[in-house]
Structures are given as structure tokens and as C-alpha cells.
Amino acid sequence: QVQLVESGGGLVQAGGSLRLSCAASGGTLRTRAVAWFRQAPGKEREFVAAISWSGGGTDYGDSVKGRFTISKDNAKSTVYLQMNSLKPEDTAVYYCAADNVATQSRSYRYWGQGTQVTVSS
């Protein structure tokens, strides 16, 4: 059973940057694709980005393309989400998820507890 823990959230001004981390315990991310999702109050969960098990393939949601970058350090079993040019509409709880799926998948078995990102205007 893989446990995922997100970190790096916080409060930032519009235009600023944050880097989120997703670390695994009780299992490895080396053989799993990892994705980031987010959910704002009163809204449905939204796909943000995904990376393949090897780190060689990525996928992004339209709203974050060109601003966010997902990366993977298999040696540390950790995935990162670098978020630049943040906007108030990026405010949400960000979750990481992992599974043995393709990057195009939006269905994951393992989920973290989430980390809050708040972008002030």
C-alpha cells in the first residue's frame, strides 16, 4: 500500500511561484505514474498534470499549460509540481495520486491528503 504525502503549499501573491512535492512511503513511485489534481471550494476536482513512471511522458490540463511543470525523481520516489505565474484562480487544495496507469488516465487508486495553495490578488 503506497502512502502519499504532499507538501509545499502555502499563501503566495499573484504572479509568484510555489513548488509542491509528493513523497511516497510504504511503496515506490518508480513504477507508477503520478498526477496532480486540485479542487477549489464548490468546484469539481480538476486534473492538473501527470507524469509517466519513467518521467519521460507528461500531460497537462489546459488551464496550467506553460505555467506549471511536473517532474519526477525516482531515486527519491518524489514528484514535484513547479507552479509559476500563479493566479488567484489557482487557489485550491492540491492532491497527488499514483497508480500503474498511462499519463492519459484520470483514475488513480492511491491519493494523498492534499496541500492548500492560496493565491492572493
Side-chain angles (χ1 to χ4, degrees):
Q1 185 80 6
V2 177
Q3 288 86 44
L4 304 176
V5 178
E6 303 95 336
S7 61
L11 173 64
V12 64
Q13 288 189 332
S17 298
L18 281 175
R19 190 178 79 157
L20 305 183
S21 299
C22 173
S25 62
T28 181
L29 295 182
R30 294 192 191 99
T31 58
R32 294 182 168 94
V34 179
W36 288 94
F37 293 82
R38 67 186 182 186
Q39 188 164 22
K43 295 188 176 182
E44 292 187 354
R45 187 174 63 197
E46 177 188 12
F47 169 75
V48 175
I51 190 164
S52 65
W53 68 271
S54 67
T58 58
D59 189 21
Y60 293 93
D62 289 341
S63 62
V64 307
K65 282 181 182 176
R67 299 189 298 124
F68 290 10
T69 302
I70 190 170
S71 60
K72 197 168 189 257
D73 186 336
N74 275 335
K76 295 182 179 179
S77 205
T78 301
V79 170
Y80 305 98
L81 184 68
Q82 178 67 43
M83 306 186 296
N84 298 330
S85 302
L86 283 162
K87 305 175 182 180
E89 51 264 44
D90 293 318
T91 296
V93 177
Y94 284 70
Y95 300 90
C96 69
D99 208 339
N100 299 97
V101 296
T103 52
Q104 295 80 9
S105 174
R106 300 293 182 260
S107 178
Y108 290 78
R109 286 180 292 172
Y110 306 109
W111 290 82
Q113 294 300 306
T115 185
Q116 176 71 47
V117 172
T118 303
V119 184
S120 63
S121 58

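Computed over heavy atoms, backbone and side chain alike; hydrogens, waters and symmetry mates excluded.
- No more than 12 heavy-atom neighbours from other residues, nucleotides or ligands sit within 6.0 angstrom of CD on Gln113.
- Going from atom OG of Ser121 over to atom NZ of Lys87 covers 14.0 Å, rounded to the nearest 0.5 Å.
- At a threshold of 4.5 Å between side-chain heavy atoms, the hydrophobic network of Ile, Leu, Val, Met, Phe, Trp and Tyr places Val34 and Val2 in one connected group.
- Applying the side-chain hydrogen bond (donor to acceptor under 3.5 Å, both in side chains) rule to Thr118 yields the partners Gln116; only residues at least two apart in sequence or on another chain are considered.
- Counting only distance, with no hydrogens or angles, the side chain of Arg30 and the backbone of Asn74 share a donor-acceptor pair below 3.5 Å.
- Take Arg106 and apply the salt bridge (charged side-chain N to carboxylate O under 4.0 Å, His left out) test, not counting sequence neighbours, and it matches Asp59.
- At distances below 3.5 Å, at least one donor-acceptor pair connects side-chain atoms of Ser77 with backbone N or O atoms of Leu29.
- Thr69 OG1 to Arg19 CZ: the interatomic distance, rounded to the nearest 0.5 Å, is 11.5 Å.
- Taking 4.5 Å as the limit, some side-chain heavy atom of Met83 sits within range of a side-chain heavy atom of Leu20.
- Within the structure, the disulfide (SG to SG under 2.5 Å) test picks out the following pairs touching residues 52-120 (sequence neighbours left out): Cys22-Cys96.
- Residues Gly9 and Val117 come closest through the heavy atom pair CA-CG2, 4.1 Å.
- Closest approach of Leu18 and Gly8 over heavy atoms only: CD2-O, 3.8 Å.
- Not counting sequence neighbours, the partners of Ala35 by the side chain to side chain contact (heavy atoms under 4.5 Å, CB included) test are Phe37, Phe47, Ala50, Tyr108.
- Legend: salt bridge (charged side-chain N to carboxylate O under 4.0 Å, His left out) pairs involving residues 71-86, not counting sequence neighbours: none detected.
- Evaluation of the ring pair (Phe, Tyr, Trp, His ring centres under 6.0 Å) test over residues 51-105, restricted to residues two or more places apart or in two chains, returns none.
- Under the rule for a salt bridge (charged side-chain N to carboxylate O under 4.0 Å, His left out), the partners of Arg109 that lie at least two apart in sequence or sit in another chain are Asp99.
- Neither Val93 nor Val64 shares a network with the other; the hydrophobic side chains, linked directly or stepwise wherever heavy atoms of I, L, V, M, F, W or Y lie under 4.5 Å apart, form separate groups for each.
- Across all their heavy atoms, Glu46 and Ser63 have their closest contact at OE2-OG, 2.9 Å.
- Under the 4.5 Å side-chain heavy-atom criterion for grouping Ile, Leu, Val, Met, Phe, Trp and Tyr, Trp111 is not connected to Ile51 through any hydrophobic cluster.
- For Ser7, the side chain to side chain contact (heavy atoms under 4.5 Å, CB included) test picks out Ser21, with sequence neighbours left out.
- Taking the side-chain hydrogen bond (donor to acceptor under 3.5 Å, both in side chains) definition, one finds that Ser52 meets it with Ser54, sequence neighbours left out.
- Scored by the side-chain hydrogen bond (donor to acceptor under 3.5 Å, both in side chains) test, Asp90 finds Arg38, Arg67 as partners (sequence neighbours excluded).
- Rounded to the nearest 0.5 angstrom, Ile70 CD1 and Gln82 CD are separated by 12.0 Å.
- Applying the salt bridge (charged side-chain N to carboxylate O under 4.0 Å, His left out) rule to Lys43 yields no partners; only residues at least two apart in sequence or on another chain are considered.
- Put simply, the side chain of Gln3 gets close to the backbone of Gln1: a donor and an acceptor are under 3.5 Å apart.
- Among residues two or more places apart in sequence or in another chain, the side chain to side chain contact (heavy atoms under 4.5 Å, CB included) test is passed with Ala14 by Pro88, Val119.
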